[in-house]
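These notes concern the structure reproduced below.
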Amino acid sequence: MAELAQVLRPLLPVEDPNVLVDASTGDDAAVYDLGDGRALVVTVDFFTPLVDDPYDFGRIAAANALSDIYAMGSRPLFALNLLGFPRDLLHEGLVEEILRGGAAVARNAGVPILGGHTVDDVEPKYGLVVVGEVERERLVSNSGARPGDALVLTKPLGTGIIATAIKAGAASGEVAEAAVHSMTALNRSAADAMTATGVSAATDVTGYGLLGHLRNLLRQSGVGADVYVDDVPELEGARALAEAGHIPGGTKRNLEDVTPDVDFGDAGELDQLLLADAQTSGGLLIAVAPEKLEELLDRLDGKTLARAVVGRVIDAPAGMIHLH
Ligand code: CO
Ligand code: CO
């Protein structure tokens, strides 16, 4: 993924003065100023199936795509389907199930899917283009974190490890179900809570894992962070499955990639792997000023799968993370 992000670099920089956020900051979506105090927020996300059930796959892909809009404190307006599928399997009804899953989550988000595009592809792929809007002054980017801010995470970690275990047939039905429940949960309430509160910065936790996404947020903000390892929520069963060796390749690469910027302290290998676990449709990671922390936690209460204070922003070299 880090290699792939590099591929986009030569397309930059962009000279258009209406561009408020582009790919250069590794933010969650592109933001384009419409001039009247409002801005368009646009993202695209799609991937290959990580669970067997096509309906669940559709739901996960849609929740994941919508998440990048929520991570910027924005409101999704409408979406388009992106679908790749093998032509010779079209008659099996799987495509309908994938699209039905995507539509169910979009409906839940109050977002109509207005069209899309399908191509013949050897491996199925599904996701959405999502168009959203935000009042410029309410835009939440990844560059506003300040020393003293608390770091709040709104979903537990471990979906990468559990998805890998599901593919190996090693995850129990209960563990798999909880992971699917987490991956299909919208970050809508988390976004509502953070915009109502007013926060410093946010991002969603996806492919680079908590440490990777945190590091990017810290780099863009020019600060460092302490992370309280024992306070980071994880999905039931994820740790045991990691211990049994069900570690995604992406998780190992994530850990390798962040290692130069992390002081691991006493954190063991399992802790490190969980903190680096490549998430799909993970929660929001929110930096909030200490005097607003209680308000944010109150607004999140009962509305998100987690509302854990997982760390604190500190005055340190940009991107440095200390585990405690
Ligand atoms: Co994102
Ligand atoms: Co994304």
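In what follows, residues are counted from 1 in the order of the sequence shown. Numbering of ligands and ligand atoms starts at 1, following listing order. Remember, predicted model here, so these are calculated numbers, not experimental data.
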Looking only at N, O or S atoms in [X], which is nearest to the Co ion (ligand 1)?
X: Asp204; result: OD1
X: Asp68; result: OD1
X: Asp28; result: OD1

Q.
Please verify the inter-ring angle class for His213 with Tyr208; under 30° counts as parallel, over 60° as perpendicular, anything in between as tilted.
A.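 Rings of His213 and Tyr208: tilted, as their planes differ by 30° to 60°.
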Q: Using the side chain to side chain donor-acceptor pair (under 3.5 Å) rule, pick out the option among Thr43, Thr203, Asn142 that qualifies with Asp28.
A: Thr203
Q.
Whether the side chain of Arg188 engages the backbone of Asn108 through a donor-acceptor N/O pair (distance < 3.5 Å, no angle test) should be reported.
A.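 Indeed, once roles are kept as given, a pair shorter than 3.5 Å links the two residues.
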**Q.** Thr280 side chain to Asn64 side chain, donor-acceptor N/O pair below 3.5 angstrom
**A.** no
Q) With a cut-off of 2.8 Å, does Asp45 place any N/O/S atom under that distance from the Co ion (ligand 1)? A) no
